[in-house]
Each structure stands twice: as C-alpha cells, then as structure tokens.
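Notes follow the structure.
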Amino acid sequence: MRLTRLARWCYRRRRVTLAAWLIGLVVIGAVGFSLAADTVDNFDLPGTDSQQAYDTLAERFPQE
C-alpha cells in the first residue's frame, strides 16, 4: 500500500522526482570526489618471488 502511494506521488510530481534524483547524483559525486584518496603506484613487495623478478628486470634492463 505504501509503495503504491509513493509511486503515485512520484508519477504526479515527475519533475520534482527527476530533480531530486539529479541533485542526489550530483551530491554523491561531489562527496565521492572530495573523499577520494591519491593513487599509489608503488610495487614494492619485499620477500616475494614477484619482487625478486621485478628487481632482476630492473637490473638487467634499466630505464633510459
């Protein structure tokens, strides 16, 4: 019964409903953007086979 009333309200006030959704999306996007942390491109995994392979490649094929 309650969902029927909500559906009717949303249908009768389509523009208000659309505006509320758009405002909500903008707010969520702004909050997500403001809370985003910096990315880290650090591939150090001490003591693993992958790190040994990475170190070997860096030794044998240095970046120019």
Taking the hydrophobic residues Ile, Leu, Val, Met, Phe, Trp and Tyr, and joining any pair whose side-chain heavy atoms are under 4.5 Å apart, which ones share a cluster with V31? I23, V27, L35
Only pairs under 3.5 Å count here: list side-chain donor-acceptor contacts from residues 3-12, not counting sequence neighbours, and write none if there are none.
none

Below 3.5 Å, can you tabulate the donor-acceptor pairs from side chains in residues 43-62 to any protein atom, sequence neighbours excluded?
from, atom 1, to, atom 2, distance (Å)
T48, OG1, L45, O, 2.8
T48, OG1, Q51, N, 3.2
Q51, OE1, L45, N, 2.7
Q51, NE2, D55, OD1, 2.9
T56, OG1, Q52, O, 2.9

